[in-house]
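Have a look at the structure below before the remarks.
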Amino acid sequence: MLPVPTSHSPALGPGCAGPSLAYASASTRSDIAPPSAQQPCCGSEPFMVDPSAAAGLGLRRHTDTPYVTGTSVLGITYKDGVMLAADTLGSYGSTKRYKSFERLAKVNDATVLGAGGELSDFQYIQTLLDELATEDYCADDGMQLTPREVYAYLSRVLYNRRNKFDPLWNSLVVGGLEGGVPFLGTVGMIGVHYTDKHIATGFGQMLARPLFRERHRPDMSEEEATELLHDALRVCYYRDKQTTNKFQIAKVTAEGVSVSEAFALETQWGYQAFVNPAANALGTW
Amino acid sequence: MFRNQYDQDVTTWSPQGRMHQVEYAMEAVKQGSAAVGLKSDTHVVLATLNRASSELSSHQRKTFKVDDHLGIAMSGIISDGRSLCRYMRNECLNHRYVFEAPLPTARLVRQVADRAQVCTQRSWKRPYGVGLLVAGFDKAGGKLFYCCPSGSYYDYKAMAIGARSQAAKTYLERKFEEFASADLDTLIRHGLQALSASVTDGELTKDNVSVALVGKGTPLTLLEDADLEPHLAALADEVGGDGAGSGGAMEEGGGADGASAPPAAPDGASGAAEAAPAPEDEPPAPMET
């Protein structure tokens with residue numbers, strides 16, 4: 001049989017590294033009862049938890065909380081396709097630990113992925129998608145995953161992992177172009193997913209989304225879309241302490257996927273309110 | 001019955017470089033009744049002739065829906081075919097669950113072929129004794145594949161497998177250039193014509209024929225029983241016209257051959273001869289009868 005990628009274990013479901021051959025199944029052993037409605041075809045126990053996660057005393061806990069995190073990802077559709085934007089900071093708690101972490105990644109010729117949350121989990125998700133891209137390449141039939149398929153796959157992976165009590169701690173944004181139509185969707189760490197014309201994750205949901213609602217149109221030109229994203233990023237930088245002034249914009253058009261070089265935005269800190277920030281915020285001290 | 005000393009084991013080569021067990025499996029495909037597949041630019045159609053083991057029994061089904069975009073017709077050991085069908089359904093469902101998209105036909109066919117190939121390289125296994133015609137419609141368009149017990153698979157414009165399929169193939173080879181632009185009804189008609197060429201005794205009826213079709217915007221549909229009647233009636237009209245009123249049940253297949261192409265007659269005859277053993281050894285238990 002063809003080797004199955006370990007991270008797509010038939011025993012554990014999508015996105016779980018684990019046994020695929022270690023567990024005898026009806027297809028490899030004839031003395032095992034064929035699958036029924038109560039038993040998965042892979043021959044494993046129904047609702048099985050990853051044994052490596054369950055090994056030892058109690059469940060593995062070190063992935064339960066995020067360590068190095070990224071903040072919001074913004075995405076909008078426009079006339080020619082989709083644009084995603086994010087800063088390049090990997091925060092270690094409140095420490096600005098990694099200042100050039102690229103949180104926007106090309107998935108294939110028509111899809112781009114942006115991620116916030118635990119950045120090592122994002123890197124793991126990238127290896128999952130690389131595996132799928134390798135499979136597509138090996139099939140050698142010119143087909144590759146569409147943005148919608150990538151989005152469906154990621155929602156299954158994240159939902160499956162949260163059901164194993166081992167979530168991938170990410171908010172993902174998938175953007176792409178499918179048959180000339182822009183696609184934009186987001187997947188949360190517990191598997192919540194939706195598509196929209198404009199999307200922001202995390203704090204950006206509060207800071208950038210109102211701007212999008214006010215100014216976004218699906219027929220925006222590239223310049224207008226870029227300007228809108230710049231303004232939204234600037235607001236995020238002003239208001240969200242986990243953001244640095246170093247951003248990237250990825251775009252998917254009919255020409256393909258491009259992720260820009262990191263750039264900084266003009267900011268204005270001379271406002272009177274900034275000079276003495278405590279003046280208007282009388283606290284208990 | 002043993003042909004030689006090199007056919008006891010699937011993994012043993014003969015000095016001529018052949019694997020006899022695999023070849024026997026491919027023979028099994030020829031024992032089953034005929035299955036025909038053909039495609040136009042917009043649709044793919046499968047048609048099978050279903051046998052009944054006795055007057056009292058129902059006809060053996062050999063056309064199956066795998067998924068909304070994909071169906072198969074088989075010839076040979078149908079129980080082997082059903083297990084492959086279950087595998088294919090499972091793969092399609094898994095793919096739909098994970099990607100919310102239909103599994104591309106070519107990818108599935110390759111998986112099935114890989115599965116069949118494993119059986120030709122393990123001493124404790126037995127090759128599948130069934131040939132599959134796989135019809136699918138996906139983003140790559142309409143596809144018709146033949147999956148062989150040896151693990152080979154082929155992409156076809158039109159193909160016939162099973163007993164006396166040579167006569168059906170002859171019909172398809174003569175007509176395939178018309179298929180691309182044919183509408184669905186015409187395509188079904190051509191499929192039934194081809195199938196009728198492989199019938200020597202009796203005729204195509206709504207009981208012994210199944211048709212599966214799939215196309216752009218048309219999910220896979222099985223036509224059986226009453227759904228087939230208009231197509232069979234139209235076929236009878238055509239044959240009646242061609243055969244210059246030869247009529248009669250026996251001439252139905254032969255009439256089509258004899259009317260339009262003399263070369264088909266020897267093919268049909270050789271097909272009959274090749275399949276002659278099938279009715280003789282009545283109880284080949286696992287085979288479709």
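A, B, ... follow the sequence lines: proteins, then strands. Residue 1 opens every chain. It should be emphasised that the depicted structure is a prediction, and the values quoted were computed from it without experimental measurement.
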Output all residues satisfying side chain to side chain donor-acceptor pair (under 3.5 Å) with A:Thr111, sequence neighbours left out; order by chain, then residue number. A:Asn108

Check the surroundings of atom OH in B:Tyr146: do more than 12 heavy atoms from other residues, nucleotides or ligands lie under 6.0 Å from it? yes

Return yes when atom NZ of B:Lys65 has more than 12 non-hydrogen atoms of other residues, nucleotides or ligands closer than 6.0 Å, and no otherwise. yes

Say you draw a straight line from CG of A:Leu132 to CZ of B:Phe99; how long is it, rounded to the nearest 0.5 Å? 5.0 Å

Atom CD in B:Glu100, atom CZ in A:Arg148: separation rounded to 0.5 Å? 8.5 Å

Are A:Asp136 and B:Arg107 within salt-bridge range, i.e. N to O under 4.0 Å? yes

Does a sphere of radius 6.0 Å around CG in B:Leu93 hold more than 12 heavy atoms from other residues, nucleotides or ligands, not counting ones at 6.0 Å or beyond? yes

Does the pair B:Arg110/A:Glu135 count as a salt bridge with the N-to-O cut at 4.0 Å? no

Are there more than 12 heavy atoms of other residues, nucleotides or ligands under 6.0 Å from atom OH of A:Tyr137? no

Under the salt bridge (charged side-chain N to carboxylate O under 4.0 Å, His left out) test, which residues partner A:Lys197, sequence neighbours left out? none

Chain B heavy atoms under 4.5 Å from A:Leu145: which part of the residue, side chain, backbone, both or neither? side chain

Closest heavy-atom pair and its distance - A:Arg156, B:Val98: CG-O, 3.6 Å

Taking the side chain as every heavy atom from C-beta outward, state whether A:Thr146 and B:Lys139 have any pair of such atoms under 4.5 Å apart. yes

